[in-house]
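The structure appears below as structure tokens.
We name chains A, B, ... by the order of the sequence lines, and we start the count at 1 in each one.
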2 protein chains.
Amino acid sequence: MPKHEGVSLSVIKRLPRYYRFLGDLLEKGVTRISSRELAQLMRLTASQIRQDLNCFGGFGQQGYGYNVAALHKEIGNILGLNNNYTIILLGAGNLGRAIAKHMDFEARGLHLIGIFDNNPTVVGQQIKGLTVANSTYLEDFCRERKPKAAILCIPKEAAHETVERLMSAGVKCFWNFSHYDLSLAFEDAVVENVHLGDSLMTLCYQINEYYSDGEEK
Amino acid sequence: MPKHEGVSLSVIKRLPRYYRFLGDLLEKGVTRISSRELAQLMRLTASQIRQDLNCFGGFGQQGYGYNVAALHKEIGNILGLNNNYTIILLGAGNLGRAIAKHMDFEARGLHLIGIFDNNPTVVGQQIKGLTVANSTYLEDFCRERKPKAAILCIPKEAAHETVERLMSAGVKCFWNFSHYDLSLAFEDAVVENVHLGDSLMTLCYQINEYYSDGEEK
DNA sequence: TAGATTGTTAATCGATTAACAATC
DNA sequence: TAGATTGTTAATCGATTAACAATC
């Protein structure tokens, strides 16, 4: 049903933020908002908001603005948050466990149905109501449950082989926390990267800029 | 010393990835590489690589290319990875604990020196050799140790007040995991956001696109 | 020297912003 | 109706790519 082929990733990446702000407004009981007001709130231009939204259709009304509840719901639909796609977690180390426990998957259109690890001391543990399974059962599980996506919280070294196994088991979408650019080797994979190491280095650069600016003035 | 005022954030955000790839090449024993070869490896254009690097100076040599070790080191310097800026963690819940244990701060120019939480059952716990302190001691700690940055692994509701306290205690740089756009309220703050919820929704959108494309063909 | 590859300028492309007619 | 605000087209801006002279 959704067909937004021509929409650029820069627009898509802004949608969750719109969704977040509209959700907040909704909680505060705001029923209508103009692009100008929303722009002021989010520190964007009104032009950009209207341009972004009109990639998906005209959700506003001239002279009135946008209905907050309706727009919130529309963006949720565009993002596909109502689909509850099944997802599995690979790697139940510190990060994997935290992601499993911390994230509200259901609110973001996903449903965690399996956790895998190859460390025997971790296998068998209960996390979020799921028993960590040995990675050897990955193929069996995928055949049976057909998960739509996988979270990669595994070390860089294990990433390539794991993705290879997942791809041939029919899992093509990845939330990738491993420091490995999997889209290079797997062209047809759908990848959303969270490279925490890269992000931390970017922070370091910014700290560096902040403190050396002072020195020079 | 570093003064890269005019360099756009799009360039900066690519530096950690260059650093990562050059590190890998270094490990493999590769000593020289041309922009064309590196571009092929990273799936970029050679033009972009040369353009990016020349924002900071001419690190290459005509007819030869780039020395891998030298370039790796240069980028590390630009990112400021040798500075080991002190950083503290706010919030020792699932995510905070995982970040503390999982990240190699030292390799990315940072040094974790304190962890704070206001949950009494968490205070006193040992994480990565640090004892979780009660948040009430935040100001005292900052006065004494002057941390340069803070990691925010706290709930959205607590974010505003916590940042206010940190800012007046002299901490201006943030690695923000909370679903709160702190740069809106604090204009002079330096912020690197990791909005996992937004990222997950973007993944959901992409899964949605991937599976509905199939339907339509 | 000849070949290769950089550094850098110019051309292209895409994304953001401004403007305004359409319309509620 | 008049005022407000959208949807959309046109103008601007920035980032990416191409081209090529400089040079190792």
Side-chain angles (χ1 to χ4, degrees), chain A residues 4-18 21-22 25 30-75 78 181 183-184 202 205, chain B residues 4-18 21-22 25 30-75 78 181 183-184 202 205:
Chain A
H4 312 304
E5 296 272 337
V7 182
S8 80
L9 200 61
S10 353
V11 176
I12 304 304
K13 296 235 177 225
R14 279 194 292 269
L15 293 182
R17 189 157 177 265
Y18 288 131
F21 273 81
L22 290 164
L25 286 168
V30 179
T31 56
R32 72 158 279 277
I33 196 158
S34 70
S35 57
R36 194 180 45 76
E37 291 169 309
L38 187 59
Q40 195 160 23
L41 204 65
M42 297 181 67
R43 293 270 220 298
L44 300 170
T45 63
S47 256
Q48 181 162 65
I49 292 176
R50 294 205 299 278
Q51 199 75 276
D52 282 354
L53 297 178
N54 280 92
C55 292
F56 307 100
F59 305 131
Q61 192 172 303
Q62 281 96 332
Y64 174 85
Y66 299 85
N67 178 296
V68 175
L71 186 57
H72 183 254
K73 204 177 164 189
E74 280 292 354
I75 295 177
I78 295 164
D181 286 67
S183 53
L184 296 184
T202 306
Y205 175 89
Chain B
H4 312 305
E5 296 270 336
V7 182
S8 81
L9 201 61
S10 353
V11 176
I12 304 303
K13 296 235 179 226
R14 279 194 291 271
L15 293 182
R17 190 157 176 266
Y18 288 131
F21 274 79
L22 289 164
L25 286 169
V30 179
T31 56
R32 74 158 277 278
I33 197 159
S34 70
S35 57
R36 194 180 45 75
E37 290 169 309
L38 188 58
Q40 195 160 22
L41 203 66
M42 297 181 67
R43 292 272 220 294
L44 300 169
T45 63
S47 256
Q48 181 163 63
I49 292 177
R50 293 204 301 276
Q51 199 75 275
D52 282 353
L53 297 178
N54 281 93
C55 291
F56 307 99
F59 304 132
Q61 192 172 302
Q62 281 97 332
Y64 173 85
Y66 298 86
N67 179 296
V68 174
L71 186 57
H72 183 257
K73 203 178 165 189
E74 279 293 353
I75 294 177
I78 294 164
D181 285 67
S183 52
L184 296 183
T202 306
Y205 175 89

Practice task
Report yes if at least one side-chain N or O of A/Arg50 is closer than 4.0 Å to OP1 or OP2 of C/dA18; otherwise report no.
Solution key: no

Result for 5'-nearest mapping on DNA chain C, choosing between A/Ser8 and B/Gln61, is B/Gln61

It should be established whether B/Arg14 places a side-chain nitrogen or oxygen under 4.0 Å from OP1 or OP2 of nucleotide D/dT16.
yes

Given the options B/Asp52, B/Ile78, B/Val7, B/Ile12 meets side chain to side chain contact (heavy atoms under 4.5 Å, CB included) only with B/Val7

TODO: Confirm from the modelled atom types if A/Gln51 and D/dT9 form a donor-acceptor pair under 3.5 Å, side chain to base only.
DONE: yes

Separation of C/dG7 atom C1' from B/Glu74 atom CD, nearest Å, is 16 Å

Regarding the side chain of A/Gln62, the nearest nucleotide among D/dA15, C/dA22, C/dT5 is C/dA22

Note: B/Ser34 and B/Glu37 closest approach over all heavy atoms is N-OE1, 2.9 Å

Rounded to whole Å, CG of B/Asp52 lies from C1' of D/dT17 at a distance of 12 Å

### Query
Has A/Thr45 got a side-chain N or O lying under 4.0 Å from the OP1 or OP2 atom of C/dT17?
yes

Looking at B/Gln48, does any N or O in its side chain come under 4.0 Å of the phosphate oxygens OP1/OP2 on D/dT16?
-> yes

Separation of C/dT5 atom C1' from B/Leu71 atom CG, nearest Å, is 14 Å

Taking for B/Ser34 and for A/Tyr64 the nucleotide of DNA chain C with the nearest heavy atom, the one nearer the 5' end belongs to B/Ser34

- Query: Looking only at side-chain N and O atoms, does A/Ser47 come under 4.0 Å of OP1 or OP2 in C/dT16?
  - Reply: no

When A/Ile75, A/Leu38, A/Val11 are each screened for side chain to side chain contact (heavy atoms under 4.5 Å, CB included) with A/Leu53, the one that passes is A/Ile75

Between A/Thr45 and A/Gln48: side-chain donor-acceptor atoms closer than 3.5 Å: no

* Asked: Has the side chain of B/Arg17 got a donor or acceptor atom that lies under 3.5 Å from a matching backbone atom of B/Met42?
  -> yes

Rounded to whole Å, CZ of A/Phe56 lies from C1' of D/dT6 at a distance of 18 Å

Rounded to whole Å, CZ of B/Arg36 lies from P of D/dA19 at a distance of 16 Å

Rounded to whole Å, CZ of A/Phe59 lies from P of D/dT8 at a distance of 12 Å

As its Watson-Crick or G-U partner within any shown strand, both distances under 3.5 Å, D/dT12 has C/dA15

note: A/Ile49, atom CD1; C/dA15, atom P; distance rounded to Å ~ 18 Å

If pairing means Watson-Crick or G-U wobble with both distances under 3.5 Å, then the partner of C/dC24 is D/dG3

message = Tell me whether the side-chain N/O atoms of B/Tyr66 come closer than 4.0 Å to OP1 or OP2 in C/dG7.
response = yes

B/Leu9 CG to D/dA15 C1', in whole Å, measures 13 Å

